[in-house]
Structures are given as structure tokens and as C-alpha cells.
Amino acid sequence: MFGTQSREISHEFQPQVFKTSIQTRRANITVKFQDLYGFTVEGNVDDVNILNELREKVRQQGRVWWALEASKGANWYLQPPPAVSTSKISVGSLKSSALAVANTIALKKLIRNGIPPLLRPKVWLSISGAAKKKSTVPESYYVDLLKAVEGKVTPATKQIDQDLPRTFPGHPWLDTMEGHASLRRVLVAYSFRDCHVGYCQGLNYVAALLLLVMKTEEDAFWMLAVLLENVLVNDCYTDNLSGCHVEQRVFKDLLAKKCPMLYNHLESIGFDVSLVATEWFLCLFSKSLPSETTLRVWDVLFNEGAKVLFHVALAIFRMKEMELLMTQHVGDVISIIQRTTHHLYEPEDLLTVAFDKVSSMTENTITKQRKKQEPAVMAELDQRLKRLNSMKLDEGSPESPR
């Protein structure tokens with residue numbers, strides 16, 4: 001590619017110099033390419049090679065899943081574990097229970113290694129609980145909801161209309177009239193299903209990526225519903241974003257515990273984790289990480305719950321800990337974090353750190369942390385609201401005499 005002429009090299013350091021110059025040239029060559037989900041990505045030659053290797057890994061993982069389907073039966077992972085009666089525990093039931101546990105562990109490992117794109121729709125619907133949620137309403141629920149809200153205008157629909165062209169601009173399908181219309185229907189339908197949430201900026205990116213994966217609006221709608229109602233913390237997308245603020249406080253505590261040296265350094269230069277974590281928790285990394293890396297995170301998120309977001313967020317800081325310890329300015333920290341996340345084309349690099357280097361956290365641990373932070377967050381939000389109301393009253397009152 002860069003020339004194959006052989007020549008005598010008299011200086012022992014020349015091969016290293018030659019190699020370095022090639023690496024520099026490769027790093028400086030900027031190319032545009034499409035990733036697995038049609039997003040245009042700008043990177044260097046090495047990024048292209050990583051993407052090609054990723055495509056092959058996805059194919060290999062697909063072969064693993066197909067082989068399991070051939071040996072265990074189609075849709076084996078969709079079957080619920082057999083119920084075991086506590087009043088009649090037999091040897092057979094114990095074996096059955098042990099088998100169910102073994103299958104659960106095997107499935108967990110399999111999902112952490114990635115779900116093939118073709119299987120993602122039905123696997124996500126099953127492991128997330130979306131299929132069960134969908135089964136509790138009439139089959140025509142989504143269509144009926146769309147008919148009921150057609151033509152209605154609310155603050156949520158106005159904001160959705162403003163955000164449609166801002167959602168992954170340049171994507172070959174999402175950034176078209178058809179893509180906008182499809183995304184609008186999903187978001188508007190959900191805004192009427194849950195008036196408490198309505199619509200919050202950030203949901204447009206989540207719903208858009210769900211549409212690309214699930215293929216149908218109805219399935220994307222139910223995945224959005226299960227995310228907001230069952231998987232993520234309550235009030236994450238409400239008007240005051242209280243749930244999102246709580247998650248950031250929990251993350252800050254976890255960073256202090258897991259990476260104390262880094263945490264203290266970031267505190268000393270005035271860096272607040274919310275500068276990067278707000279987007280992470282609201283968009284579920286869809287704006288920060290490359291698409292396949294985001295979807296690998298979502299694979300685990302739908303199976304293991306919201307604690308996964310903390311594992312991934314901590315992993316990003318852990319991966320660049322030494323470099324971040326050298327920073328002196330807040331802007332440098334943000335630059336390193338953004339550069340890192342935008343170029344994580346290889347999901348294994350991130351997920352290995354997230355689950356092998358970051359010690360495991362249970363949902364109970366996270367829940368306790370949330371309960372600890374909630375009072376302080378609600379008090380701060382209440383004070384902020386009082387200040388805003390006071391400012392509005394001051395603006396509306398007649399000017400006092402000097």
C-alpha cells in the first residue's frame with residue numbers, strides 16, 4: 001500500500017523511523033465512511049480498519065447465536081425460566097431451577113459479547129420486558145393512539161417538531177421526510193401515553209436509534225416505553241430532570257469511590273461531571289459513542305438494568321485516567337473525554353473495562369445511593385424554582401423609586 005521496494009538499511013534506527021512516518025501519515029489521512037447503521041463517520045485509516053474488523057466480529061457473533069438456535073431450538077432465549085413451587089421442591093425441580101440459572105448466566109455472557117443486528121429486535125423486546133408490556137393492551141393500541149392524537153398540538157409536539165431536523169442530521173434515512181415523519185409519530189404517541197413525561201430533549205436521539213434497530217415504529221414505541229417506565233430511573237425526563245440530576249450525583253459518588261485520585265484532581269481544577277454526564281444519561285450515549293458501541297451498551301442495558309450506564313461512564317474515565325490526571329483546565333478534560341468517546345469504534349475496548357476493570361455494582365447499591373441523593377437534589381431544585389419565580393415577580397413589578 002505504501003510501497004514495497006526493498007533497499008539496504010545501514011542504520012539500525014531507520015526501520016523505526018520509517019514505521020513512525022507511516023503511522024503519522026495514516027493518522028493524518030482523514031476519510032469519511034459509513035458505519036453499520038448508516039451514520040457517516042469521519043476518521044483516519046486506522047479507524048476504517050477497526051470498523052472492518054468490527055464487521056467481521058459481528059458476523060462471527062452472529063454465527064455463535066445461529067449455532068445456539070440450531071442446538072437449543074429457535075428463540076431459546078425468549079423462553080422464561082420454569083417456575084419452581086416452594087411447596088413441592090423435588091430433585092427434578094431443583095435440576096430444572098439449576099438449568100434455568102445456568103441458562104441465565106450463559107445468556108448474560110452471550111449478550112455482553114453482543115447481539116447480532118438481525119436478532120436485536122426480538123431479543124430486545126424479550127429481555128427488556130417490552131413484549132410483555134405490549135401484550136397487556138389491545139393489538140391496535142399504537143394505531144389507535146396515533147389516530148386519537150392526530151392533529152393535536154401541545155408544547156411537547158411543538159418541541160418535537162423543532163428537534164426533528166436536529167436529530168442525527170445527514171443520516172440517509174433519519175434525515176428525510178419519511179424518517180422525520182416516522183420519528184415524530186413515535187415521540188408524539190409516547191408524549192400522549194405519558195403526560196407526566198411528555199417530551200424531553202434527548203428522547204429524540206434515543207427513539208431515532210431505536211427506530212433504526214427495531215425496524216418498525218410500533219416496536220420502537222414499546223422499547224421507548226419500557227425504557228422510560230421500567231429500565232431507567234423515574235423522573236429522568238420530567239420537566240425538572242430530577243431523576244437525571246440524581247443519576248449524576250450517584251455517578252459523582254461512584255467516581256470518588258472507584259477513582260479517588262482522579263476525582264480529587266478533577267475537583268481541584270473545578271471540573272463538574274455534569275458537563276459530560278448530562279448528555280450521557282439523557283441520550284444513553286447515543287450522541288457520544290459510535291452507533292455499534294452504543295448498541296452494545298444497550299444490549300446489556302436492556303438485560304441488566306440502569307446500573308450498566310454507571311459501569312460505562314466510569315469506564316470512560318478509567319480508560320483515560322492517566323491522561324486526565326495531567327490536565328490543568330476544564331476544557332482539556334472535556335476535549336479528552338469527547339475525543340475518546342467519539343472514536344471508540346471497538347466496543348470491546350470499552351465493555352472490557354466497564355465489566356472487568358470496574359467492580360460490579362448491584363441494583364440495590366445503586367438504589368441506596370439514589371435515595372441518599374434525592375433529598376439534596378429536590379431541595380436544590382426547589383430553591384432554583386423559587387429563585388426563578390422571584391425573578392419573574394421582580395420583572396413584572398413596577399420599578400421602585402430611587
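Heavy-atom basis, side chains included; hydrogens, waters and symmetry copies ignored. Numbers here simply count residues along the sequence, with the first being 1. For clarity, every value in this text was computed on a predicted model and none was experimentally measured.
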### Query
Of all residues at least two apart in sequence or in a different chain, which pass the salt bridge (Lys or Arg N to Asp or Glu O under 4.0 Å) check with K133?
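By the salt bridge (Lys or Arg N to Asp or Glu O under 4.0 Å) rule, K133 matches E229.
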Rounded to the nearest 0.5 Å, what separates atom [atom1] in [X] from atom [atom2] in [Y]?
| X | Y | atom1 | atom2 | result |
| --- | --- | --- | --- | --- |
| M223 | T216 | CE | OG1 | 11.0 Å |
| I105 | L110 | CD1 | CG | 13.5 Å |
| W173 | T176 | CH2 | OG1 | 6.5 Å |
| I50 | H343 | CD1 | NE2 | 9.5 Å |
| E380 | R249 | CD | CZ | 4.0 Å |
| E247 | L254 | CD | CG | 10.0 Å |

Would you find more than 12 non-hydrogen atoms of other residues, nucleotides or ligands less than 6.0 Å from [X] atom [atom1]?
| X | atom1 | value |
| --- | --- | --- |
| D239 | CG | no |
| K72 | NZ | yes |
| E139 | CD | no |

Donor + acceptor pair across side chains of [X], [Y] (<3.5 Å):
| X | Y | answer |
| --- | --- | --- |
| Q201 | D163 | yes |
| K307 | T362 | no |
| Q248 | T278 | yes |
| D272 | S274 | yes |
| D356 | T352 | no |

Shortest non-hydrogen contact between [X] and [Y], atoms and distance:
| X | Y | result |
| --- | --- | --- |
| A189 | L145 | O-CD2, 3.3 Å |
| R318 | K258 | NH2-O, 3.4 Å |
| D235 | S242 | CB-OG, 3.3 Å |
| L203 | Y199 | CB-CE1, 4.1 Å |
| G202 | C283 | CA-SG, 3.9 Å |
| P116 | G62 | CG-CA, 3.5 Å |

Less than 3.5 Å apart, which donor and acceptor atoms pair up between the side chains of residues 320-329 and the rest of the protein, not counting sequence neighbours?
{"residue": "E323", "atom": "OE2", "partner": "R339", "partner atom": "NH2", "Å": "3.0"}
{"residue": "T327", "atom": "OG1", "partner": "H265", "partner atom": "NE2", "Å": "3.3"}
{"residue": "T327", "atom": "OG1", "partner": "L324", "partner atom": "O", "Å": "2.6"}

### Query
Do NZ/NE/NH1/NH2 and the carboxylate oxygens of R63 and E56 come within less than 4.0 Å?
yes
### Query
Less than 4.0 Å between a side-chain N and a carboxylate O, is that true for K134 and D219?
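Salt bridge: yes.
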## Note on the structure
For F168, the ring pair (Phe, Tyr, Trp, His ring centres under 6.0 Å) test, sequence neighbours excluded, returns F39, Y205
### pair K57-E346: side-chain heavy atoms closer than 4.5 Å
yes
### Query
If you look only at pairs with a residue in residues 236-255, which of them pass as a ring pair (Phe, Tyr, Trp, His ring centres under 6.0 Å), with sequence neighbours excluded?
F251-F317
### Message
I'd like to check the side chain to side chain donor-acceptor pair (under 3.5 Å) partners of S291; sequence neighbours left out, ordered by chain and number.
### Response
D35
### Task
Kindly say whether D332 contributes a backbone atom to a donor-acceptor pair with the side chain of S335 at under 3.5 angstrom?
no
### Task
Check for a donor-acceptor pair, side chain of D161 on one end and backbone N or O of K158 on the other, with a separation under 3.5 Å.
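Judged by distance alone, no pair lies under 3.5 Å.
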### Query
With F285, which of I316, V206, L344, T341 fulfils side-chain contact (heavy atoms from CB on, under 4.5 Å)?
I316
### Message
Suppose we screen for side chain to side chain contact (heavy atoms under 4.5 Å, CB included). Which residues come up paired with E374, at least two apart in sequence or across chains?
### Response
V246, R370
#### Entry: Among Y141, W124, Y142, ring pair (Phe, Tyr, Trp, His ring centres under 6.0 Å) partner for W222
Y141
### From E178, E150, E217, residue fulfilling salt bridge (Lys or Arg N to Asp or Glu O under 4.0 Å) relative to R185
E217
